[in-house]
Amino acid sequence: MTKNTNTEVCDADAVNNNDVGLNLNTVVVRNLSMLHVTCAVVSILSQIGDDLVELDTWTGTILEGLFAGIFYLVTGIIGFFLSKTPKKSLVATFLAFSVVSCLWSLAVLVYSSLRLRVVFLKRHNTGIVVASSIKIGISVIQGIVATMSASLCFKAYCCPEREINSSIFSSVRIRILSATQICIGITLIVLYFLNVYVFKHYFVYEEIWCSVIFIAAGTLGVFTVRHKSYHLVPGFITLNILGFILSIVLITHSAMQLDRKQNQVDTAETHLRNELEYFESPEKCENIAWWPQNSTRATQIILCKKRDAVKIREMKKDLENQPYRDDYHLVTARLSFQLLLALAEAGISSCCALISCCSCCCC
């Protein structure tokens, strides 16, 4: 009796493992694993090249490319095992490592962007620029690959028997929303070049890595509805969730830059008005503490008032012409447009995620 019970339990475990494997596209898993390993190799090599460059203390690294590359490599190896022998335990492990790899890619993305900004502000170093740029590119690619891997495993692990509701996942609706996401991403790339080369303003290159995620989500949505590849819907959900989070980051940063620009203008105007008030005060020349030899106090007061009169005319002219507002309208228009794009992307990403989730998991 006990022997039969043990046999039934083993058979049940085998069925569970096979159920997950049958609902998991092993070809896609193998291709994603190859991308994981490729990103790992490039990340580790870029870190080695970065360390070979002569670095100053203010541009030192924390071996972020090496540590991230190790996680990418382990994730890819687990994926290869999963593509060969689909098991529920391997699906859960691949899911966990994909999430960790995604978090590592975000950390490398932010750190490398900040480090690249420091290099541009302090001193241009070609080796550091190349290494950091490679890390940024690899982290973006790895983030997309990791999110797709995690979503694929989540679909197989949590709801393997549910099919996509094609009536909810409407091809026309998703195609319009995805095309809009691609347009927003391309527009942000154009804004990036305007910010760097025209306005000479950049922070952490958020326009670039946000636009890459937006374009990736839109491209995946168009590809999914065009080729009826509904097994990619979980990846489309994950990319849109990530796009929504990045759009919130872009909204926050754009609003902070708008507030900062307004504060700079207000501070410059307030300082100029205080200076004007000081030079117009009658006690200004009267309170001079020292006088040159062979000069009377009255003569020096007259000369002081003449000099102040010239400065007063210049400051009144500045208040009238407002040179501190030369680029104010261009910068605020650019940031306002960027803020509107981020708001639109937040709404589109949330709609795509909700539609996809409802067609895949809820309805």
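As the structure is a prediction and not an experimental result, all values here were calculated from the model. Heavy atoms only: backbone and side chains are in, while hydrogens, waters and symmetry mates are out.
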With a 3.5 Å distance limit and no angle check, can you tell me whether Thr270 reaches the backbone of Thr267 through a side-chain donor-acceptor pair? no

Cluster question for you: counting only ILVMFWY and a side-chain heavy-atom cut-off of under 4.5 Å, with indirect links fine, are Met256 and Ile251 together? no

Quick one, Phe193 and Ile189 - any side-chain contact, counting heavy atoms below 4.5 Å? yes

More than 12 heavy atoms of other residues, nucleotides or ligands under 6.0 Å from CD of Glu277: is that the case? no

Just how far is it from atom CD1 of Ile241 to atom CD1 of Ile213, taken to the nearest 0.5 Å? 13.0 Å

Among Thr93, Val99, Val91, whose side chain to side chain contact (heavy atoms under 4.5 Å, CB included) with Cys153 holds? Val91

Would you indicate whether the side-chain heavy atoms of Ile141 and Val42 approach each other to under 4.5 Å? no

Look up atom NE2 in His253 and atom CD1 in Ile248, then write down how far apart they are to the nearest 0.5 Å. 15.0 Å

With Thr75, the side-chain hydrogen bond (donor to acceptor under 3.5 Å, both in side chains) member among Ser101, Ser33, Ser98, Ser149: Ser101

For the residue pair Phe94 and His36, categorise the inter-ring angle as parallel (less than 30°), tilted (30 to 60°) or perpendicular (more than 60°). perpendicular

Enclosure of Phe80 CZ (heavy-atom neighbours >12, cutoff 6.0 Å): yes

Under 3.5 Å, side chain of Ser105 to main-chain N/O of Cys102, donor-acceptor pair present? yes

Output, in order, the C-alpha distance, side-chain angles, deciding distance and verdict of side-chain contact (heavy atoms from CB on, under 4.5 Å) for Trp104 and Val100. CA-CA 6 Å; Trp104 263 107; Val100 174; 3.8 Å; yes

Shared ILVMFWY cluster between Val225 and Leu354, side chains joined below 4.5 angstrom? no

Non-hydrogen side-chain atoms of Ser336 and Leu258 separated by less than 4.5 Å: yes

Count I, L, V, M, F, W, Y as connected when their side-chain heavy atoms are under 4.5 Å apart, and connections chain through other members. Are Leu242 and Ile182 then in the same cluster? yes

Work out which heavy atom in Ile44 is nearest to a heavy atom in Gly69; give both atom names and the distance. CG1-CA, 4.0 Å

Hey, what do you get for SG (Cys210) to CD1 (Ile245), rounding to the nearest 0.5 Å? 11.5 Å

Rounded to the nearest 0.5 Å, how far does OG1 of Thr180 lie from CZ of Phe214? 13.0 Å

Considering only heavy atoms from C-beta outward, does the side chain of Tyr72 approach that of Ser43 to under 4.5 Å? yes

Minimum side-chain heavy-atom gap Pro86-Thr26 below 4.5 Å: yes

Between Asn240 and Gln181, is any pair of side-chain heavy atoms under 4.5 Å apart? yes

Ignoring hydrogens and geometry, is there a side-chain-to-backbone donor-acceptor pair from Ser247 to Phe244 under 3.5 Å? yes

Side chain Asn31, main chain Val27, donor-acceptor under 3.5 Å: yes

Rounding to 0.5 Å, atoms CG (Leu339) and OG1 (Thr252) come to a distance of 9.5 Å

Test item: Thr147 side-chain N/O and Ile144 main-chain N/O as donor-acceptor pair under 3.5 Å: yes

Roughly how far apart are Lys135 NZ and Tyr111 OH, rounded to 0.5 Å? 7.5 Å

Flag yes if Val249 and Leu191 sit in one hydrophobic cluster, no otherwise; membership is Ile, Leu, Val, Met, Phe, Trp, Tyr, and two members link when side-chain heavy atoms are under 4.5 Å apart. no

Check: Asn274 and His271 side chains under 4.5 Å, non-hydrogen atoms: no

Where the side chain of Ser350 meets the backbone of Gly347, is there a donor-acceptor pair that is under 3.5 Å apart? yes

Can you name the nearest heavy-atom pair linking Thr187 to Cys183, along with the distance? OG1-O, 2.7 Å

Evaluate the side-chain proximity of Leu220 to Leu239: yes if any heavy-atom separation is below 4.5 Å, no if none is. yes

Closest heavy-atom pair and its distance - Gly221, Phe236: CA-CE1, 3.4 Å

Where do Cys39 and Ile138 come nearest, in terms of heavy atoms and distance? O-CG2, 3.6 Å

